[in-house]
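A short worksheet on the structure shown next.
Per chain, numbering begins at 1; letters A, B, ... match sequence-line order.
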There are 2 protein chains.
Amino acid sequence: MPRSPRAVDVAKVAGVSQATVSRTFNEPDKVQPHIRQRVLAAAESLGWLPHGAGSALARRRSLIAGALIPTLANGIFATHVAALQEVFSDAGINLIVSVSNHDPAQAMRSTQAMLARGVEAITVVGEDFGDPIFDLMAARRVPYVITHGFNANSRHPTIGIDNFKTFQEITNYLLSLGHTTVGMIAPPQANNARVEARVGGVRDALAAAGLGMRPKHFIEGPWSIQFGRDSLAAILAAGSPTPTAIICGNDQIAFGVLTEARARGISIPNDLSIIGFDDDPIAQHTTPPLTSVKVDRASMGQEAALYLLARLRGEMPDLPPPMQAKLIVRGSTAPAKR
Amino acid sequence: MPRSPRAVDVAKVAGVSQATVSRTFNEPDKVQPHIRQRVLAAAESLGWLPHGAGSALARRRSLIAGALIPTLANGIFATHVAALQEVFSDAGINLIVSVSNHDPAQAMRSTQAMLARGVEAITVVGEDFGDPIFDLMAARRVPYVITHGFNANSRHPTIGIDNFKTFQEITNYLLSLGHTTVGMIAPPQANNARVEARVGGVRDALAAAGLGMRPKHFIEGPWSIQFGRDSLAAILAAGSPTPTAIICGNDQIAFGVLTEARARGISIPNDLSIIGFDDDPIAQHTTPPLTSVKVDRASMGQEAALYLLARLRGEMPDLPPPMQAKLIVRGSTAPAKR
DNA sequence: TTGTAAGCGTTATCAC
DNA sequence: GTGATAACGCTTACAA
C-alpha cells in the first residue's frame, strides 16, 4: 500500500534537496528556471501536493478562514458565504463554514471547533452572543469582523448597514405617504440585535411623529411566506383599527402578506401598503411588484473578507463606512387612503 | 508578546507530562479522574485548544471534509451544504466549501486547494468534469461521493434521484393528461450531465408516445424568474403550434412563466399547463399553485455525508438506493384542451 | 543559488 | 496509569 508522496520523494526524483522543492512552490524566483522545471515535473509525475498540516505547522499559517453564520437555510447568508468564499479563494485561502442556529452555546462550540482547526481569521454574523466568543478569538489573536450591521458604538469591528437608521428611513417614507397606523412583521428579536435595531428604528420614527405601534400590529416569527400570510390574518383578526401599511422583515414575509391580501380581496396598495426587505428577485415579479430595500450583500461579504485579508497582512485597516441601503419603490406602497 | 499556549504549557501547569494532556482530550478514560480534572482546569485557565496542524500531522487526520458545488447562489446547493455541514459537524468534522462555477478548470483548482488543505473526504455535485478530478482524489485515497444524481452505470459512487427516469415520469404525467405539444425550459446542459439526463428523459418519454419536441419549444438558459418570462415570450413569438404544457427546470423559471402568462391573459392551467421542479416554498403560494416535483435535498446531503463518514471509519458501505422524487400536483396543470 | 538541519505542536509507541 | 521519545511533512535560518 503506497503512501502519499512527500516533498522528499519529489526531491529525490528531481535530484535536488527538499528545501528546493519547497522553494519551487513558495518562492519560485529563488530557484533557477531549469531546476524549477525539473521539480515541477517530478511533482507532477508523483501527483504531489503540499501537505496542509505539515506546511501549516512550519509556516504558522493554515490558509484557512472561518465564517460563523446563523444558518445556511436563509438565502441571504448563502449569498454572504458565496462572497466571502470568492474573495478568500482568490487569496489562496479556504473557507470553513459553521453555523450557530441562533444558539449562543452552538455558536461557542462552532467557534472553538474552527479555532481548533487553526483558522486564521473569522467573520461572524452579528454580535448577538456576547463577549465570550470574541474574547476567545482575541486571546488567540485571530482577527475577526462582525457583519450584517454597522455599529459605531461597538467595541468590535463591524461592517454593514445601520439597521436602526435604515428602518427609521423606511418608516419615515411611510409617514410621508400619510400612513399613521403602521404594523410590522419581523423575525424573532431574541439573539438577534440586528432585528432589534430594526424594530427600534421603526418605533423611534413613529414616536418622533407622535405615533406608536399597537402591540397587536407587531408580530414576530419565522421568515417564511406562510408566516407572512398567517400574520396578516392575525392582524386583521385583531379587529379595527387596521394598519394601512405593514413593514415586513424580508421579502418572503412580504410576499406572504401580499398573497393573503389578494386571497381576501384586499387591494394592494390601495387598501394596504406593503414594504419588504432585501430586494429578493421575486420582488420585481409579484403583482403588484414589491417595494423593498436593497442591501448589497455581496459587497458586504467582500468588504469583510478584504478587511480580514488586510489584517492578515499585518495592517490595521480602517473599517469601511456604513453601507447604504436603498429604498426601491415599486407598486406595493401608495399614499394612505383618507 | 505572549504566544498561544501549547500542550506542554498545560502539562507544566497541571504537573503532568504532555502525553497525559493529549490523553485527557483524546482518550479520557485512560487517565485517572482527578488528574483529568487537573488537566482540564489547566487547559481552561490557559485557554488552550489543540493546535489543528500539529494534531493533524501526528494523527494523520485533518478533521476537515470538503464540498465542491457549482455555486452558492443557487438555493438548492445552499440547502445541500447546510445538510452536509450539519452531519459532519456532529461527527466533529469541519467543512470547507468551494465552488466550480460550472467551470472544469476552476473545479480542478478548487479540488487541488482542498486536497492541499488535507481534506479527508469530498462531496462533488455531479460528475461533469470528467476523470481528472476523480483520479486526483483516488490517487490520494480521499473518499468521495457524487451527489444530485443517481447513476447506476457510473464508475463512481453516486447519490440522488435518477434524473432521466424522473423526467420521463413527469412527461408521462403530462401525456396522460392528453398533452401532445410539450415544451421545456431548462438550465444549460453544458457541463451539466444532470440537466442532460432530464432533457433526455423528456425526449425519451415523448418518443415512446410517438411524439417529439419542436426545437422552438426547447429553451436553455439561466434559472431566473426573468428567464422564465422571456422564454415563454419567445415560445409564443415562435408562432403556432403553441405548446399546451411546459416543463420547467425549476420553480423560479416556472414562476416566471406563470407571471408572464398572467400578464398576457393566458389562463393557467386552462390554456397552458406548467410544471416546475424542486418544490420551492413559493410553489404553494403562486396563483394558481404550482405543480412541482419534490426532491428531498436535505436527506440527500445527509446520505452523502454519512456515506463518507462510514468510508472514513474504514467501511465499504453500500450506496443508498436511488432517491425518489415526488410529483406534487397542484393547480398549474390540467388536461389538455381538445 | 542550493543544501543542511532545526524547528513547528501534537500523537502514539514503548517502557516503566 | 503515566512519562520519554520518536515520528508526522514542511519551511526557513544558516551555511556552503
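- Set against C/dT11, C/dG9, D/dT12, the side chain of B/R6 has C/dG9 as its closest nucleotide.
- Comment: A/D90 does not engage B/R109 in a salt bridge, judged by the lack of any side-chain N to carboxylate O separation of less than 4.0 angstrom.
- Relative ring orientation between B/F134 and B/Y144 is described as tilted, the plane-to-plane angle lying within the 30° to 60° band.
- In this structure, B/K12 places its NZ atom 12 Å from P of C/dG9, rounding to the nearest Å.
- Of the listed nucleotides (D/dG1, D/dG9, C/dG9), D/dG9 has the atom at the smallest distance from the side chain of A/H51.
- If A/G54 and A/H34 are placed on DNA chain C by their nearest nucleotide, the residue sitting closer to the 5' end is A/H34.
- DNA chain D is contacted by both B/G15 and B/R59; B/G15 maps to the nucleotide lying nearer its 5′ end (nearest heavy atom per residue).
- At the heavy-atom level, B/A19 lies under 4.0 Å from base atoms of the strands shown.
- Looking at heavy-atom distances under 4.0 Å, A/V21 makes no contact with the nucleic acid at all.
- Side-chain contact annotation: A/S299 with A/D296, donor-acceptor N/O pair under 3.5 Å present.
- Rounded to an integer number of Å, the gap from A/R38 CZ to C/dG3 P is 9 Å.
- Atom CZ of B/R60 is separated from atom C1' of C/dA12 by 10 Å (rounded to the nearest Å).
- Checking B/Q18 against A/S17, the closest nucleotide of DNA chain C that is more toward the 5' end is the one next to A/S17.
- Proximity note for A/L57 (side chain, C-beta onward) versus D/dG3, D/dC10, C/dG9: the nearest is C/dG9.
- Screening B/L319, B/T147, B/L312, B/T123 for a side-chain contact (heavy atoms from CB on, under 4.5 Å) with B/Y307, the sole residue that qualifies is B/L319.
- Using a 4.5 Å heavy-atom cutoff, the side chains of A/V16 and A/V39 are in contact.
- The distance from atom CG of B/L63 to atom P of C/dT10 is 14 Å, rounded to the nearest whole Å.
- As a whole-Å value, the separation of A/Q32 CD from C/dT2 C1' is 9 Å.
- When the side-chain nitrogen and oxygen atoms of B/S22 are compared with OP1 and OP2 of C/dT11, one or more of them lie within a distance under 4.0 Å.
- As a whole-Å value, the separation of B/R23 CZ from C/dA12 P is 10 Å.
- Checking C/dT2, C/dC8, C/dG9 against the side-chain heavy atoms of A/T20 singles out C/dT2 as nearest.
- One atom, CZ of B/R61, and another, P of D/dG9, lie 16 Å apart when rounded to the nearest Å.
- Distance, A/F25 CZ to D/dT11 P: 10 Å, rounded to whole Å.
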